[in-house]
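All remarks here apply to the structure that follows.
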There are 2 protein chains.
Amino acid sequence: MEEFAAVSGISRPTVSKYFHDPESVRASTRARIEEALAKYDYRPNIYAINQNRQLTKNIGIVVPYLADPFFAEIVRRIERRCIDAGYSPTLFSSHGEQALENQILDGLRSLKPAGVLLAALGRASDRQEIEKFCRDVPTILFDSNLDGIGEAFVGSDNFSFVSQSVDYLTRSGEPPIFVEMATPANPNARKRRTAYVTKMEGLGLEPHIVQLPGEGWAFEEIGYQGTMKLLKDGNLPTNTILCSNDRLAIGVLSACYESGLKVGQDPSCDLRVAGHDDHPFARYTCPSLTTVAHDYDSVSNRSVELLFELIDNGGRFEQRSEVLFASRLILRGSA
Amino acid sequence: MEEFAAVSGISRPTVSKYFHDPESVRASTRARIEEALAKYDYRPNIYAINQNRQLTKNIGIVVPYLADPFFAEIVRRIERRCIDAGYSPTLFSSHGEQALENQILDGLRSLKPAGVLLAALGRASDRQEIEKFCRDVPTILFDSNLDGIGEAFVGSDNFSFVSQSVDYLTRSGEPPIFVEMATPANPNARKRRTAYVTKMEGLGLEPHIVQLPGEGWAFEEIGYQGTMKLLKDGNLPTNTILCSNDRLAIGVLSACYESGLKVGQDPSCDLRVAGHDDHPFARYTCPSLTTVAHDYDSVSNRSVELLFELIDNGGRFEQRSEVLFASRLILRGSA
DNA sequence: GCAATTTCTTTACGCGAGTAAAAATTTTAT
DNA sequence: ATAAAATTTTTACTCGCGTAAAGAAATTGC
């Protein structure tokens with residue numbers, strides 16, 4: 001920077017000021033610096049810049065499983081907004097593993113980020129570690145809530161999801177059974193189950209839950225295998241299946257197709273299947289999947305906005321808040 | 001570090017040495033440092049560490065579109081291997097935009113990474129910028145090749161893909177037409193088209209290519225809309241469709257289903273559809289998709305290995321190499 | 001045109017490490 | 001036990017930048 005300042009004919013402190021905020025120097029000065037910049041393509045050493053900062057312009061984004069298109073999609077929006085606001089987002093995926101999640105948080109601490117947007121693994125998370133991390137780094141949780149952890153939570157209202165799907169399904173045909181994984185990784189799954197029970201009872205109907213065996217993030221496979229077995233055993237008490245999430249539903253649809261069952265709302269159909277999340281590919285299943293959509297835009301926007309607020313507020317909120325966005329029923333061919 | 005060295009009873013230079021490589025200090029010294037480490041949880045400032053390095057332990061991973069499960073999957077493997085080798089991988093997605101790709105490369109330059117694994121946008125890439133970047137930063141291209149750019153390329157052999165699918169399809173039924181996007185973003189698409197023509201001609205058959213209109217990364221939608229129109233116009237010269245990639249095929253399958261066409265190899269079926277890539281969800285389409293699989297493991301492993309070699313070699317290879325892995329036909333229900 | 005204000009320049013120090021060189025200490029080999 | 005070898009300590013300098021203070025220069029207001 002010394003050298004660059006010399007060739008641009010400006011003092012180093014002023015150049016330093018320019019890089020911190022180009023608007024903070026006089027227009028004529030700025031012009032001269034930018035002129036020199038065009039000629040010598042100097043760039044400040046970000047490591048030197050950040051060395052003495054307790055907070056950088058970095059933002060950490062952590063998701064449990066990036067190969068899940070749901071997270072890929074939401075991350076895409078969040079990233080964009082961070083960049084537009086002048087931050088440098090860094091993306092991490094826990095790949096479904098607690099050890100990796102902890103490792104990521106540990107590395108994140110060293111990055112001294114201005115803030116972190118964390119979608120935790122959920123059940124598989126090391127609650128203590130996350131709690132400790134949140135004490136050190138301003139963190140907003142999204143999608144996956146951990147009670148009392150983080151400065152705020154932004155996500156979708158699971159009751160809204162299930163309420164709408166159950167309402168629609170009962171109104172238009174037989175009441176649904178609820179299909180989920182036996183040991184769901186994500187806290188939303190548990191909330192959806194509870195919501196299903198509550199909702200059904202509210203309608204004076206008997207809830208019926210089917211738990212498919214399997215762990216991990218291979219939801220489609222679990223849905224597929226589970227449904228094959230279910231169909232073979234032939235103990236479906238209804239013709240309507242509501243899946244905890246769309247990826248499970250994709251597996252269910254696949255099993256139905258292979259078993260020669262026709263899925264759809266038509267009277268000639270054997271089954272109706274619906275899901276939750278409005279997974280990016282749900283539109284292209286056969287038949288296309290009736291589901292309930294996250295308000296992707298609101299969740300990602302509000303998460304980022306809250307994080308910026310948090311950063312402006314020095315990294316702490318007086319009170320932890322939870323924002324839940326309502327979902328939207330998407331009627332398609334499968335139910 | 002000064003303070004930490006004091007409380008651990010070891011001199012600062014030795015502590016510094018320890019963090020650079022714990023094996024480089026005597027066992028007794030290491031023990032004392034680690035003992036102190038457990039008590040005071042000090043961690044070196046990565047910014048200070050990297051400030052005077054011309055090369056860090058960072059590795060940049062850049063993909064064109066992370067919301068595409070193909071990339072999500074391959075990145076998952078690459079990331080893991082980098083971490084295991086003691087590097088810090090950082091993930092970037094160009095989200096299909098040239099401007100963002102350039103911006104990412106620019107940011108990457110500042111990160112002074114030991115190496116970069118780059119899957120470029122392809123047609124949408126700013127060739128010059130990438131070339132310039134590769135001169136500054138040791139870079140291995142993967143998946144998407146740009147002639148002469150980067151120190152090496154690792155990818156799948158597109159001819160192997162198409163050769164296998166065409167062979168199988170012609171052997172088992174009518175020869176396929178080839179469905180692709182009109183202006184494919186990815187260089188592999190062009191190679192696959194050429195391979196199709198070559199292969200068909202080699203078999204003494206007339207190639208027939210259908211180009212679906214549409215741009216960007218919404219492949220399923222393009223496949224869906226294009227097929228709907230194709231079916232309406234009713235000018236399919238054969239009952240066998242070979243798609244340039246699986247995501248397109250997912251859209252095709254969806255359109256077929258909606259149009260009441262039965263897809264499969266059974267004589268009672270109207271159409272056969274196959275794809276390429278073995279997309280993570282191809283197993284769960286209805287019917288499940290016959291496709292040709294990347295050798296995910298080899299591609300990701302070899303990319304990483306080559307990058308490590310490149311790093312050890314000081315960032316340059318004497319000669320640019322191109323490694324292509326053969327693919328594997330996956331027979332499923334759709335063809 | 002002159003004072004008040006704003007912006008720059010000069011000078012100097014600090015940050016948290018890496019690292020080189022020489023001296024001191026510990027370990028190993030004989 | 002002693003010499004040789006390996007490791008650690010001491011000391012001191014470097015890197016690239018942030019930033020504070022004081023004074024100089026340029027701009028603005030009237």
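Below, read A as the first sequence line, B as the second, and so on, with proteins coming before strands; counting in each chain starts at 1. It should be emphasised that the depicted structure is a prediction, and the values quoted were computed from it without experimental measurement.
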Inset, instruction - Mind running a 4.0 Å heavy-atom check of residues 5-33 of chain B against DNA chain D and sending the residues that fall below it, in number order? - result: B:Gly9, B:Ile10, B:Ser11, B:Arg12, B:Pro13, B:Thr14, B:Val25, B:Arg26, B:Thr29

Legend entry - B:Tyr47 OH to C:dG18 P, straight-line distance once rounded to whole Å: 16 Å

Legend entry - Value rounded to 0.5 Å, distance of CD1 in A:Ile311 from CG in A:Asn313: 11.0 Å

Legend entry - Rounded interatomic separation in angstrom, taking CG from B:Asn52 and C1' from C:dC15: 12 Å

Legend entry - Between A:Glu35 and A:Ser8: side-chain donor-acceptor atoms closer than 3.5 Å: no

Inset, instruction - Quick one: do B:Tyr296 and B:Phe325 satisfy ring-ring contact (aromatic ring centres under 6.0 Å, His included)? Show the steps, please. - result: CA-CA 9 Å; B:Tyr296 278 86; B:Phe325 285 100; over 10 Å; no

Inset, instruction - Give the intermediate values and the outcome of ring-ring contact (aromatic ring centres under 6.0 Å, His included) for residues B:Phe70 and B:Tyr65. - result: CA-CA 9 Å; B:Phe70 167 74; B:Tyr65 204 78; over 10 Å; no

Inset, instruction - Look at the aromatic rings of A:Tyr87 and A:Phe308 and report parallel, tilted or perpendicular, splitting at 30° and 60°. - result: parallel

Inset, instruction - Please round to the nearest 0.5 Å and tell me the distance separating atom OG1 of B:Thr29 and atom CZ of B:Arg26. - result: 5.0 Å

Inset, instruction - Would you mind classifying the nucleic acid contact of A:Phe4 as base, sugar-phosphate or nothing, using non-hydrogen atoms under 4.0 angstrom? - result: nothing

Inset, instruction - Whole angstrom is fine here: how far is it from CD in A:Gln51 over to C1' in C:dC15? - result: 5 Å

Inset, instruction - Indicate yes or no: at least one non-hydrogen side-chain atom of B:Leu111 is less than 4.5 angstrom from one of A:Ile46. - result: yes

Inset, instruction - Using chain A heavy atoms and a threshold of under 4.0 Å, write down where along DNA chain D the contacts begin and end, 5' to 3'. - result: D:dG16 to D:dT27

Inset, instruction - Whole angstrom is fine here: how far is it from CD in B:Glu3 over to P in C:dC15? - result: 10 Å

Legend entry - Test item: A:Arg302 and A:Phe142 side chains (from C-beta on) under 4.5 Å apart, heavy atoms: no

Inset, instruction - Take atom CZ of B:Arg43 and atom C1' of C:dA17, then tell me their distance rounded to the nearest Å. - result: 16 Å

Legend entry - Separation of C:dA17 C1' from B:Met1 CE (nearest whole Å): 6 Å

Inset, instruction - For A:Asn45 and C:dC15, give me the distance from atom CG to atom P, rounded to whole Å. - result: 19 Å

Inset, instruction - Indicate whether the side chain of A:His95 and that of B:Glu79 have a donor and an acceptor atom separated by less than 3.5 Å. - result: yes

